[in-house]
Amino acid sequence: MDYLYESLISAVTLIFNLDIDVRSAVWTSLYTSSTAIFFASLFGIPTGLWLGLSRFRGRRILVTLLNTLMALPTVVVGLLLFGLLSRQGPLGSWGLLFTPLAMILGQMVLATPIVANLVLAAVTGADRRILPTLLTLGASPLQTVVQLLKEIRFGVMAAIIAGFGRVIAEVGVAMMLGGNIRGVTRTMTTAIALETSKGEFAFGLSLGIILLAVALMVNLGLNFVQQR
Amino acid sequence: MEPIYRLKNIECRLGENFSLKVHQLEIDKHEIHVVSGPNGAGKSTLLRVLALLLKPQQGSFFYSGQPIDPSASNHLSLRRKMTLVEQFPYLIQGDVFSNLAFGLKNRRISRAEQVHRITETLSIVGLDDFSQRSIKELSGGEVQRVALARALVLQPEVLLLDEPTANIDHDSLAGFEQILHSLVKNGMTVIMSTHDPAQAVRLGRNMVRVEGGKVLEA
């Protein structure tokens with residue numbers, strides 16, 4: 001018990017002393033995850049809207065595929081992208097492996113199906129009167145989509161937050177594509193894994209506390225927006 | 001005078017179990033037309049076909065003498081000439097003003113004109129001070145009035161109303177029917193459904209009877 005208590009005190013001290021390694025891991029995590037979720041939303045939201053609003057042959061297959069992609073193991077994504085980005089791989093000449101950009105790419109692959117699927121669920125679960133109402137009020141196709149997005153905005157926000165939660169907490173992609181390089185690609189999760197294995201439990205705990213705080217703040221932000 | 005709507009041999013199938021068939025239907029301009037029939041007969045479906053919200057699988061459809069392919073997807077300019085108020089209307093999230101402004105913004109009406117028209121229209125439906133009221137604070141009858149105002153503010157050629165008096169109390173009925181008469185006097189065509197035979201008789205020199213998915217008479 002003393003061990004846990006002392007580790008907790010050390011972890012809190014590390015946070016309040018703004019330890020440089022802690023700061024760097026937090027910044028890398030936030031930067032890569034935010035960029036990844038931004039681009040995942042750019043692709044995922046239109047995909048979810050398109051699948052939710054259109055009816056065509058093969059739609060069910062696409063939806064099933066998207067559902068499957070939601071459960072993609074992070075190490076599998078890491079492995080595939082590692083193959084593509086490594087020196088012998090087809091994209092090896094780009095020199096992206098073990099850079100934050102490679103991590104962003106991997107996290108984007110993880111988050112896009114989540115965002116798309118949850119936006120699709122928001123569209124299909126939306127009030128069925130919305131579309132005819134917008135059309136009868138003379139909305140063009142673009143005006144219809146924009147207003148529909150406003151009407152289902154909480155579903156869309158939940159989709160983005162779920163995607164963010166997935167990528168900020170993952171280890172596989174960050175480890176395999178980032179390489180856990182100190183000060184460059186070391187994220188909170190990879191640092192926790194490494195430092196704990198080295199016996200630096202307090203350091204891992206300090207990052208764990210920050211990770212939880214980030215999740216809490218994101219959810220508080222969502223609640224605040226929902227209540228307005 | 002050319003009828004505003006002319007439908008011939010229209011069939012609109014909704015799923016496996018229901019289809020609306022219109023052998024022939026002509027609707028004259030600048031009059032009130034009452035669509036009557038029992039619940040589930042197809043009154044709402046007919047109104048949605050007329051509002052170009054449902055696509056019939058076959059038949060010919062003319063609007064003001066112009067042939068229209070109702071199965072085509074883009075009828076934006078035509079849709080902007082008509083507005084349907086549903087029996088259970090959906091109000092856009094926000095306040096009453098934003099609901100009334102939505103269609104006007106779509107048509108790129110200036111902000112000053114929006115405010116002028118909205119104020120005037122809210123007064124017509126008896127909701128003078130409701131502009132900033134959140135839609136969450138409205139009663140069922142007020143929702144219906146806002147939906148009516150949202151349609152009227154667009155000054156459409158054709159106003160389609162699906163059971164518009166379902167949530168309006170008896171005392172307000174005469175006022176509502178008076179509004180319809182004044183709209184028609186100003187050149188609008190009103191097509192409304194009702195399952196109240198007394199109201200159908202009161203309003204309807206022009207009756208359209210729908211039963212079992214078939215438009216029986218025009």
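The sequence lines fix the lettering, A, B, ..., with proteins before strands; numbering per chain opens at 1.
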Using non-hydrogen atoms and a 4.5 Å limit, figure out which bit of [X] sits close to chain A: side chain, backbone, both or neither.
X        : result
B:Arg48  : neither
B:Leu53  : side chain
B:Glu86  : side chain
B:Pro156 : neither
B:Leu84  : both

Residues B:Lys29 and B:Glu31 bridged, charged N to O under 4.0 Å: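 Salt bridge between B:Lys29 and B:Glu31, a charged N being under 4.0 Å from a carboxylate O: no.
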Salt bridge flag under 4.0 Å for residues B:Arg117 and B:Glu113: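 Salt bridge between B:Arg117 and B:Glu113, a charged N being under 4.0 Å from a carboxylate O: yes.
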Can you confirm whether [X] is buried at [atom1], in the sense that more than 12 heavy atoms of other residues, nucleotides or ligands lie under 6.0 Å from that atom?
X        : atom1 : answer
B:Lys214 : NZ    : no
A:Phe43  : CZ    : no
A:Leu220 : CG    : yes

For chain A, the option from B:Pro89, B:Ser77, B:Ala151 that forms the most heavy-atom pairs under 4.5 Å: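 Counting heavy-atom pairs under 4.5 Å, the top option is B:Pro89.
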Leading residue by heavy atom contact count with chain A [cutoff under 4.5 Å; candidates B:Leu104, B:Leu160, B:Leu154, B:Ile92]: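 When all of B:Leu104, B:Leu160, B:Leu154, B:Ile92 are compared, B:Ile92 has the most.
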Part of A:Leu131 within contact of chain B (heavy atom distance under 4.5 Å):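 Neither part; nothing is under 4.5 Å.
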Residue A:Ser140 versus chain B: region with a heavy atom under 4.5 Å: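 When you check distances to chain B, atoms from both the backbone and side chain of A:Ser140 fall under 4.5 Å.
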Stepwise side-chain hydrogen bond (donor to acceptor under 3.5 Å, both in side chains) check, B:Glu2 with B:Tyr63: CA-CA 9 Å; B:Glu2 185 70 45; B:Tyr63 184 84; over 6 Å; no
From CA spacing to verdict: side-chain hydrogen bond (donor to acceptor under 3.5 Å, both in side chains), A:Ser24, A:Asp21: CA-CA 5 Å; A:Ser24 167; A:Asp21 284 332; 5.8 Å; no
